[in-house]
Amino acid sequence: MDFDLKTNEKGNLKIGEADAVDLAERFGTPLYVIDENRIRDNYKRLYNAFKDYYPNFKMFYACKANTNLAVMKILENEGSGIDAVSPGEIYTSLLAGFEPERILYTGNNVTDEELKFAVESGVRLNLDSISQLKRLSKIPEAKGMEISFRVNPMVGAGHHDHCITGGPLSKFGIKEEEAVEVYKMAIELGFKPVGIHSHIGSGILDPEPFMLAVRTLMDTAGKVHKEAGVEFDFIDFGGGIGIPYTPEESKLDINDFAEKIVDLYKAKLEEYDLGTPTMCIEPGRYLVGDASVLLTKVNTIKQSYRKFAGVDAGFNTLLRPTMYGSYHHIVSASTPLAESTQTIDIAGDVCESGDLFARERPMPEIEEGDILAILNAGAYAFSMASQYNSRPKPAEVLVNNGETDVIRERETFADLFNKQNVPVRLLK
Ligand SMILES: Cc1ncc(COP(=O)(O)O)c(C=O)c1O
Ligand SMILES: N[C@@H](CCCC[NH3+])C(=O)O
């Protein structure tokens, strides 16, 4: 098991040196708790692994994983760039202090207005279709811009079908066989293409698909260089590095992974005479996924036709189990290391049968009032939360060596009506 659970003298789960039971009491539940140092460690570990093998290396945090401003600020401090997918993410990144040059905008099915917004904000543009290229060329301020293209390398992988972004079914990127033509078109339209990009999917613990994608993207880059005369400033392999969610999964050996990828990268640079362009990756989950837990209180123990522990969070709070069938390890915050004595279903408070965090999960004894910690809740967790069933979204607390800061306040009923208008005729 790769979860690295720490306890204090009371035997309670510790997060960033703070007592999880105490945090739940002080800030209420459901509560996202984020360990600042874990994010910093994750960043440094990954960055150094690649930088050691290839110094001209940059990371762009895929902020869709977690857009809390404090989380963004931590990664800004560490020196990261940003992979942004929408004007909202560009805006948030600028607010968090990322200079426009550190932001790469990779939109999908973007509108003309979104393209204009991106151009005006001065961020780097990574284009996903010929349509985008043609529409960008109609924006006067975009004239002569440096751009790059996302290419579908016909390799895909991911923890669930919904998270595979390369291959024949994918809506992302341009076709690899049309890359030369598209880069030529960009040059004819007056742009300066300087980069090439791919992203094959999310939640990948096996180096093989990445290696395959690197190989294919480098072959495409080689062709584009030779046939369209493009000099690449950067080559970006996207994100996708997974983390262990189940006790059976193991962490990817990052040093070995980096060495393998860089060896292949260097060999391909040489093969195609591509110089030494910056190598980029765009990790999301790897940086923030294991840095947060969701604390939720058991309010009901119910022996129906099955045994349930009912908690005060639901798929409105953490969607991944319902949306992808994803496993999240769950421990009792007061007995995190206890042996399991039962199997139990852990169910949320949303009025839908699919609102389950676990089926037949081996757990120790659990009582009403206990706090459960749902692990690995830092990526695609709060950022995918909703107000479904008219439940205000939870608070987020950042912990740093035992010190706590509320980095997002718990919503109230007032937030449920934000932006709604009742026509006056209905009030009469
Ligand atoms: C273009 C792009 N880059 C990076 C990522 C980050 O992925 P992950 O969180 O799996 O590292 C994504 C999400 O899948 C993405 O679409
Ligand atoms: N939301 C997905 C990851 C998608 C990554 C974005 N392309 C998850 O929770 O695993």
Side-chain angles (χ1 to χ4, degrees), residues 24-34 63-72 84-96 105 107-121 135 139 162 171 292 294-300 302 304 308-324 346-357 368-369 374 377 380-398 405-428:
E25 241 162 58
R26 279 168 61 205
F27 300 104
T29 53
L31 181 73
Y32 278 104
V33 183
I34 304 170
C63 69
K64 59 183 90 56
N66 191 324
T67 32
N68 185 291
L69 274 174
V71 170
M72 308 269 287
V85 293
S86 67
E89 286 192 356
I90 293 174
Y91 191 88
T92 309
S93 306
L94 292 170
L95 210 58
Y105 175 50
N108 176 247
N109 299 333
V110 300
T111 64
D112 292 354
E113 290 66 33
E114 287 170 337
L115 275 177
K116 273 192 203 116
F117 179 93
V119 171
E120 275 165 24
S121 63
R135 287 185 286 127
I139 301 174
H162 293 349
K171 67 172 183 153
S292 182
L294 170 62
L295 299 180
T296 180
K297 193 180 219 165
V298 179
N299 51 47
T300 306
K302 177 171 177 176
S304 185
F308 290 96
V311 300
D312 64 0
F315 74 65
N316 54 325
T317 329
L318 176 67
L319 183 60
R320 302 189 73 260
T322 301
M323 180 144 175
Y324 311 115
I346 300 174
D349 53 6
V350 170
C351 193
E352 293 216 24
S353 299
D355 182 36
L356 281 168
F357 290 114
E368 292 181 4
I374 305 183
Y380 309 108
F382 192 100
S383 62
M384 291 173 78
S386 74
Q387 294 177 332
Y388 185 46
N389 275 197
S390 292
R391 291 196 183 272
K393 289 191 202 169
E396 292 180 291
V397 166
L398 184 70
D405 287 288
V406 176
I407 56 171
R408 190 188 309 255
E409 286 176 25
R410 187 175 301 284
E411 287 185 354
T412 64
F413 287 159
D415 295 297
L416 302 177
F417 310 113
N418 197 13
K419 297 284 180 195
Q420 294 192 44
N421 298 308
V422 182
V424 72
R425 66 189 162 77
L426 297 179
L427 298 174
K428 285 191 286 187

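Scope of the values below: all heavy atoms of this structure, side chains included, with no hydrogens, waters or symmetry mates.
The shortest heavy-atom contact between Glu114 and Val110 is OE1-CA, 3.2 Å. In plain terms, the two heavy atoms of Met384 and Met323 that are nearest each other are CE-SD, 4.0 Å. Minimum interatomic distance between Val85 and Lys64 (heavy atoms only, all atoms of both residues): CG1-CE, 3.3 Å. The minimum heavy-atom distance linking Tyr105 with Ser86 is given by the pair CE1-N, 3.4 Å.
Between the CG atom in Leu294 and the CZ atom in Arg320 there is a gap of 12.5 Å [rounded to 0.5 Å]. For the atom pair Asn421 CG and Leu426 CG, the distance stands at 11.5 Å (nearest 0.5 Å). Here the CZ-NZ distance, from Arg135 to Lys116, works out to 10.5 Å after rounding to the nearest 0.5 Å. A distance of 10.5 Å separates CG of Leu416 from NZ of Lys393, quoted to the nearest 0.5 Å. Put simply, CG on Asp415 and CZ on Arg391 are 15.5 Å apart, with the number rounded to the nearest 0.5 Å. Atom-to-atom distance recorded for Ile407:CD1 and Met72:CE is 12.0 Å, nearest 0.5 angstrom.
Remark: Glu409 CD is loosely packed, at most 12 non-hydrogen atoms of other residues, nucleotides or ligands lying under 6.0 Å away.
Of the possible donor and acceptor atoms, one in the side chain of Ser386 sits under 3.5 Å from a partner among the backbone N and O of Tyr388. With Ser383 contributing its side chain and Thr67 its backbone, the two residues share no donor-acceptor pair below 3.5 Å. The backbone N or O of Ala347 lies less than 3.5 Å from no partner atom in the side chain of Asp355, so there is not a single donor-acceptor pair. A donor-acceptor pair under 3.5 Å is absent between the side-chain atoms of Glu411 and the main chain of Pro392, judged by distance alone.
Among the candidates Thr296, Thr322, Ile346, the single residue satisfying the side chain to side chain contact (heavy atoms under 4.5 Å, CB included) test with Phe357 is Ile346. Paired with Tyr32 under the rule side chain to side chain contact (heavy atoms under 4.5 Å, CB included), one option of Ile374, Asn68, Thr317 passes, and it is Thr317.
A heavy-atom distance below 4.5 Å is not found between the side chains of Arg26 and Val397. Side chains of Phe413 and Ser390 form no contact here, defined as non-hydrogen atoms less than 4.5 Å apart.
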- [ ] Let me see the working for Cys63 and Thr92 under side-chain contact (heavy atoms from CB on, under 4.5 Å), right down to the final yes or no.
- [x] CA-CA 9 Å; Cys63 69; Thr92 309; over 6 Å; no

Task: Candidate pair Phe308 and Thr300, rule side-chain contact (heavy atoms from CB on, under 4.5 Å), full reasoning - done: CA-CA 8 Å; Phe308 290 96; Thr300 306; over 6 Å; no

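In this view, Asn299 and Asp312 satisfy the side chain to side chain contact (heavy atoms under 4.5 Å, CB included) rule, not counting sequence neighbours. Checked against side chain to side chain contact (heavy atoms under 4.5 Å, CB included), Ala24 has the following partners two or more places apart in sequence or in another chain: Thr29, Leu295, Ile371. Under the side chain to side chain contact (heavy atoms under 4.5 Å, CB included) criterion, Arg410 pairs with Pro30, Leu31, Pro394, Ala395, not counting sequence neighbours.
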